[in-house]
Amino acid sequence: MSTDAQHDHPHQRPADGVSALKAANDVVAFAVELAALAALPAAAWALALDLPSRIALALAGVALFVTVWALWLAPRAGHRLDMPWLLVAKIAVLGLPFVALALTGHPVLAAVCGGLTAAHLAVATANGWL
């Protein structure tokens, strides 16, 4: 494309930039969601409990996360929460697993995941993508 053609459509480049930001934010969102899901059994496993209790806690944490996500937070959830409750719920559901991870001996990993979660939610909220 020539430079003259680029000047004929001045709004094309910002739209491309927004698309790239949205795609990057979607990737971070997916990574954060998987990390939160993985943090629950990791935190349960680190507790000083007998094996059946750790397994039960890990399974219960994952089941609760998936249920809450599917019912109220997923983009196609049947009863998806409205803003600002959607944001509040996502902060809790995505944040609490990382708090649990920090409390069970992985504070650096929890801080990195928490920071990525905060960045994702801030960008998504500011752009109306949540």
Side-chain angles (χ1 to χ4, degrees):
M1 181 180 272
S2 72
T3 55
D4 289 336
Q6 288 175 349
H7 292 295
D8 290 341
H9 303 285
H11 299 291
Q12 187 172 357
R13 288 188 61 87
D16 290 344
V18 170
S19 297
L21 179 62
K22 173 114 173 58
N25 196 57
D26 288 347
V27 169
V28 172
F30 184 66
V32 161
E33 291 158 12
L34 289 179
L37 193 57
L40 293 166
W45 196 256
L47 294 173
L49 300 172
D50 59 87
L51 182 60
S53 296
R54 289 186 290 168
I55 291 171
L57 241 137
L59 292 174
V62 169
L64 182 60
F65 182 98
V66 169
T67 300
V68 169
W69 196 269
L71 290 176
W72 297 297
L73 305 179
R76 294 184 183 173
H79 302 287
R80 192 163 201 250
L81 297 175
D82 293 324
M83 289 295 279
W85 299 113
L86 178 64
L87 178 60
V88 170
K90 283 195 174 193
I91 289 168
V93 169
L94 292 173
L96 288 175
F98 301 133
V99 170
L101 198 61
L103 294 174
T104 55
H106 304 283
V108 174
L109 180 59
V112 169
C113 290
L116 286 172
T117 300
H120 150 62
L121 291 174
V123 169
T125 301
N127 288 286
W129 299 332
L130 201 59

For a quick test of your reading: what N or O donor-acceptor pairs under 3.5 Å do the side chains of residues 37-51 make, sequence neighbours left out?
{"unit_1": "D50", "atom_1": "OD1", "unit_2": "S53", "atom_2": "N", "d": "3.1"}
{"unit_1": "D50", "atom_1": "OD1", "unit_2": "S53", "atom_2": "OG", "d": "3.2"}
{"unit_1": "D50", "atom_1": "OD2", "unit_2": "S53", "atom_2": "OG", "d": "3.0"}

Donor-acceptor pairs are to be reported for all side-chain atoms of residues 81-110 against protein atoms at under 3.5 Å, with residues two or more places apart or in another chain.
{"unit_1": "T104", "atom_1": "OG1", "unit_2": "A100", "atom_2": "O", "d": "2.9"}
{"unit_1": "T104", "atom_1": "OG1", "unit_2": "L101", "atom_2": "O", "d": "3.2"}

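Between the side chain of R80 and the backbone N or O of L73 there is at least one donor-acceptor pair closer than 3.5 Å.
Both V32 and W72 belong to a single network of hydrophobic side chains, linked directly or stepwise wherever heavy atoms of I, L, V, M, F, W or Y lie under 4.5 Å apart. Linking Ile, Leu, Val, Met, Phe, Trp and Tyr whenever their side-chain heavy atoms come within less than 4.5 Å leaves V123 and V27 in two separate clusters. V62 and L59 are not part of a single hydrophobic cluster, where members link through side-chain heavy atoms under 4.5 Å apart. Hydrophobic cluster membership differs between F30 and V28, with clusters built from Ile, Leu, Val, Met, Phe, Trp and Tyr side chains linked at under 4.5 angstrom.
From W129, atom CH2 reaches atom NE2 of H120 across 10.5 Å, with rounding to the nearest 0.5 Å.
In this structure, the side chains of N127 and N25 stay at 4.5 Å or more apart for every pair of heavy atoms.
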